[in-house]
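Have a look at the structure below before the remarks.
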Amino acid sequence: MPPTDAPHHLDSPIQAFVDALHARFAGLTDGRVADYIPELAKADASKFGIAIATVDGRVYEAGDTRAPFTIQSISKPLVYGVALEDCGAERVRASIGVEPSGDAFNSISLEAGTGRPLNPMINAGAIATSSLVQGADRDTRLARVVGALSAYAGRPLAIDEAVFESERSTGHRNRAIGHLLRNHGILADDPEPALELYFRQCSVVVDARDLALVAATLANGGVNPATGQRAVAAEHLGAILSVMTTCGMYDFAGEWVARVGMPAKSGVGGGIVAVLPGQLGIGVYSPALDARGNSVRGVKVCEAISAELGLHFLQPPRVAGVAVRARYDGAQVRSKRRRTGAEAALLDRHGASIVVHELQGDLRFATLEPVIRALSEDTPAPAFAVLDFKRVAHADAAAVRLLARLVEAFGRRGAHLVFSRVRRGSPFDALAAEVDAHHV
Ligand code: GLN
């Protein structure tokens, strides 16, 4: 009999890990809260929250994960997504580059000649981005931005009016940047509405748990895993995660990739988000910042999570996954059916020229390449090949295209490639469409 006060379930080692991480860095008191925006100087430096959200919406949290703070620059990649949706990638790229500036967040890094901000993560690029949000009037554009941020977090978010007022009345440097952008024609009109939208988006209130869900939404192809609501069109995720990777931590971006290896974004409110596509999102809150404006504890926590959970994006699982479960030819395998002597003789003669590959798992370049290699390098080349898809769970777009080209290669030699036991539905319907499109 277990003791009566024993918990009903096992202590999760993941929860224990997050708790231990919090305890480990809570004593770190380096850094200072931002004070160039007077209202931010009121932040309590002892606050510290860590949240990790999985791509199916489970959140592990420790510490002050419900303490509110302003999102600040973490709004930048999210609003970049809104601009991409509203204007299209080409229009956005005409106004804002994707080169890391290696400069501070408030640097005036404009491309020589064109005046185009180097990237959307520095203030200049973010102000230009906000000017691209579409809507008939200011309120509509603001609702569009707050609506998008809320979809990422999975709950309705609001603006801290005191922070907004504080930032608007003291944001002379950002206002100067706005006028420079106007001078270069990057802003088509009066900079004030774009600046106001930018100051407001920075003043949206979140907590560490929200940030973990924002990050998990980015990790989950743009769909919030808790609500199932899409926050951004899937086609723009690559662009968002790219600028987070190269520019998200400002002049710490290179160091961040080396140490943590996840697309990320920090804000001077003390928040950091980090994303491992397909796996998880991290949200940390601790308002004491280093000289570059990144949360001191936040950087440490992300480093530790990456190292201890093995999450650096350039250290993917070593084995790419094996697609071939079994391979045999017609001479090796016989069905139990009784055959006439003539049939058996035929199989004896031609069986070896029929090969069957039983595939499994996910088909992508790395798993499909060995199958293609075997079929194209086998001598003699098989006259008849079967790819058995019974255990194939998924094929990406590149694998579908390669399979269609493989069918054609067989056709050119007068040989046959047959797909057996292919499931209905995507992505296999796309495979049928690809094959048909090239066989008319
Ligand atoms: N609103 C802040 C500013 O423009 C955002 C900066 C940041 O979070 N790095 O100064």
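As the structure lists them, so they are numbered: ligands from 1, and atoms in each ligand from 1.
Not counting sequence neighbours, the partners of Ser266 by the side-chain hydrogen bond (donor to acceptor under 3.5 Å, both in side chains) test are Asn294. Contacts of Thr54 classified as side-chain hydrogen bond (donor to acceptor under 3.5 Å, both in side chains), with partners at least two apart in sequence or in another chain: Asp56.
The side chain to side chain donor-acceptor pair (under 3.5 Å) contacts involving residues 109-120 comprise Asp103-Ser109, Ser107-Ser109, Glu111-Thr114, Glu111-Arg116, where partners must be two or more places apart or lie in separate chains.
For Arg32, the CZ atom sits in a loose shell: 12 or fewer heavy atoms of surrounding residues, nucleotides or ligands are nearer than 6.0 Å.
Every protein residue with a heavy atom nearer than 4.0 Å to ligand 1 is included here: Tyr36, Gln72, Ser73, Phe105, Asn123, Glu167, Asn174, Tyr198, Cys202, Tyr250, Gly267, Val268.
When only modelled atom types and interatomic distance are considered, Asp11 and Gln15 share no side-chain donor-acceptor pair under 3.5 Å. Side-chain contact of Asn174 with Asn123: a donor-acceptor pair under 3.5 Å is present, judged by distance alone.
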